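Input: a single structure, listed below in structure tokens.
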Protein chains: 2
Amino acid sequence: MISSARPLRADAARNRELLLAAAEEEFAARGIDASIADIADRAGVAKATVFSHFASKEELIAAIVGNHFAELTVVARRLLTSADPEAALSDFLTEAAHGIKQQDLTFLRADDDSRVTELRNDLHEAVSALVDRARAAGVVRAEITGTDVFLLICAPVHIAGCHPDADPDLWRRYQAIIFDGLRPTRAELLPQPPPSWP
Amino acid sequence: MISSARPLRADAARNRELLLAAAEEEFAARGIDASIADIADRAGVAKATVFSHFASKEELIAAIVGNHFAELTVVARRLLTSADPEAALSDFLTEAAHGIKQQDLTFLRADDDSRVTELRNDLHEAVSALVDRARAAGVVRAEITGTDVFLLICAPVHIAGCHPDADPDLWRRYQAIIFDGLRPTRAELLPQPPPSWP
DNA sequence: GGGCAACTTGATCAACCGGTCAACTTCGTC
DNA sequence: GACGAAGTTGACCGGTTGATCAAGTTGCCC
């Protein structure tokens, strides 16, 4: 693997960026099972070059996921300075729903002290701040926490992965929240006759 | 592949059921990448027996997904006869969220005239009826259709699969609905001072 | 219980995967 | 422009996968 202590040579730095971009596209197109060979092909380098930049496939994924987390953290922190707490949270959810990828899953529960975990914690902190502000403004329910939203973003991805150790009760809670979104707004409610109407 | 014209021999019928059960468990435990060899082991038969019952891995998955669709259709139709339209829809969503698996995805958009597609259309029809009843009772918004709910059930799974041809606007609509579920209920709303409060 | 079709099986195949390595090429420096 | 370090490469490895097939076994009907 190329040492990270010394700055990369010009061609190596270029190839690294090409590889990250190619891997991003390939993972987006074919999911986490995209092969290293295909990624190398797309980047226009040999397969062995991939392993000279990243020790393993997992490490390549970690680099990409780390970038996702970092980008979302930037978005969350920027939205924290906006005027409208409700729009800020809504905008972030929209952004995050598009930004979270399948491979990000792998590192959501990781608790080693890797760089990815650090970036994930940064993101979690920024999201919590967004939610705290929205809660203080009364635009989300009192019991909603930053962790809730952080997990809610990823819940769809979690369910899809058929994660065996996912807490069913937790998902039921999110299920109920989503169902709440289906209820009619107050303005749409027609006056209903009481059950004992003759 | 074993002919479907003639009834199966007793041992073959037993093995087919064992295989379907084993495949269900294996896919649930390891996702869609579970190997045919593991499935055969779990069922207690040789790997070649799997291919004597199902022409390919895809066909085995199709058989399982077909069963899922059929089971959910039964649930939806049963709930259609219950007294409470709101509880019926809610119960179905809960049931469906647990019933839909990763591998079901593959066949949601399939439009060939296979047996799976037929079963999927049956399910879609039953869900639409459930939603129509709920809408008529005023417990879901007027603009929610059966197709909406049918897709909403699968949306989490869809997003996770990073389906490249998913309509972003469609997902944004569902995103907005889910976000609605986060809004405070009327009872929780504290009286807010108007913006021009001195 | 004999005979035959239906079914099962272990051996085997080609394709593909992540990963390694020694030989080669290229960049940066003096 | 030459030299050494840094980076790249194609060939290759062990392992796994979905799928095949001839040979053997089993259930079923007369």
Side-chain angles (χ1 to χ4, degrees), chain A residues 1-65 102-103 105-107 116, chain B residues 1-65 102-103 106-107:
Chain A
M1 185 171 63
I2 294 177
S3 162
S4 57
R6 217 178 295 260
L8 285 178
R9 222 169 66 177
D11 55 342
R14 194 186 64 239
N15 279 343
R16 191 175 201 277
E17 290 311 307
L18 284 173
L19 274 172
L20 282 172
E24 183 99 33
E25 292 170 19
E26 205 69 25
F27 282 134
R30 311 204 189 208
I32 201 159
D33 289 330
S35 76
I36 298 287
D38 286 348
I39 291 171
D41 279 352
R42 190 187 277 258
V45 301
K47 191 170 63 164
T49 302
V50 179
F51 291 100
S52 84
H53 283 275
F54 309 96
S56 64
K57 185 181 184 180
E58 191 178 350
E59 200 169 283
L60 168 60
I61 296 173
I64 293 177
V65 172
Q102 186 185 4
Q103 67 264 22
L105 248 191
T106 323
F107 295 91
V116 196
Chain B
M1 184 171 66
I2 293 178
S3 163
S4 57
R6 217 178 295 261
L8 286 178
R9 220 169 70 178
D11 56 340
R14 195 186 63 240
N15 279 344
R16 189 174 202 277
E17 290 311 307
L18 284 173
L19 275 171
L20 282 172
E24 183 99 34
E25 292 170 21
E26 206 69 24
F27 283 134
R30 312 205 188 208
I32 201 159
D33 290 329
S35 75
I36 298 287
D38 286 349
I39 292 170
D41 279 354
R42 191 188 278 257
V45 301
K47 194 169 56 163
T49 302
V50 180
F51 291 100
S52 83
H53 283 275
F54 308 97
S56 65
K57 185 180 184 180
E58 191 179 350
E59 200 169 283
L60 168 59
I61 296 173
I64 293 177
V65 172
Q102 185 185 2
Q103 65 265 24
T106 322
F107 296 90

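Remember, it's a predicted structure, so these values are computed and weren't measured experimentally. Here is how names work: the chains are called A, B, and so on, in the same order as the sequence lines, proteins then strands, and each is numbered from 1.
Rounded to an integer number of Å, the gap from CG of A:Leu60 to P of C:dG19 is 10 Å. The separation between B:Ile39 atom CD1 and D:dT16 atom C1' is 15 Å, rounded to whole Å. Between B:Arg16 atom CZ and C:dA6 atom C1' there is a gap of 16 Å when expressed in whole angstrom units. In this structure, the CG atom of B:Asp33 is 16 Å from the P atom of C:dC16, given to the nearest Å. At whole-Å resolution of the value, CZ in B:Arg30 and P in D:dT16 are 12 Å apart. The separation between B:Ile36 atom CD1 and C:dA15 atom P is 20 Å, rounded to whole Å. At whole-Å resolution of the value, CG in B:Leu8 and P in D:dT26 are 19 Å apart.
In this model, the phosphate group of C:dT9 is approached by a side-chain N or O of B:Thr49 to a distance below 4.0 Å at OP1 or OP2. Listed pair B:His53 / C:dC7 fails the phosphate criterion, with no side-chain N or O lying under 4.0 Å from OP1 or OP2. B:Ser52 has no side-chain polar atom (N or O) that falls below the 4.0 Å cut-off from OP1 or OP2 of C:dC7. Phosphate contact (OP1/OP2 of D:dT8, side-chain N/O of A:Asn15, threshold under 4.0 Å): present.
In this structure, the nucleotide among D:dG18, C:dG28, C:dG19 sitting nearest to the side chain of B:Ser35 is D:dG18. With D:dG27, C:dT9, C:dC7 as the choices, the nucleotide that has an atom nearest any side-chain atom of B:Ala10 turns out to be D:dG27. Of the listed nucleotides (C:dG28, D:dA19, D:dG27), D:dA19 has the atom at the smallest distance from the side chain of B:Phe51. Among the nucleotides C:dG10, C:dA5, D:dA5, the one closest to any side-chain atom of A:Arg9 is D:dA5. Taking every side-chain heavy atom of A:Ala48 into account, D:dT9 is the closest of D:dA6, D:dT9, C:dT8.
Take the nearest nucleotide of DNA chain D for B:Asp11 and for B:Lys57: the residue whose nucleotide is more 5' is B:Lys57.
Between B:Asp33 and A:Asp33 the shortest side-chain heavy-atom distance falls below 4.5 Å. At least one side-chain heavy atom of B:Leu20 sits under 4.5 Å from a side-chain heavy atom of B:Phe54.
No hydrogens or angles were tested; on distance alone, a donor-acceptor pair under 3.5 Å links the side chain of A:Lys47 to the base of C:dG19.
Residue A:Ala34 is classed as a sugar-phosphate contact, given heavy-atom separations below 4.0 Å to backbone atoms only.
Contact detail for A:Ile32 and A:Phe27: the closest heavy-atom pair is O-CE2, 3.7 Å. Shortest non-hydrogen contact noted between B:Ala12 and B:His53 is O-CE1, 3.2 Å. Residues B:Lys57 and B:Ala34 share a closest heavy-atom pair of NZ-O, 3.1 Å.
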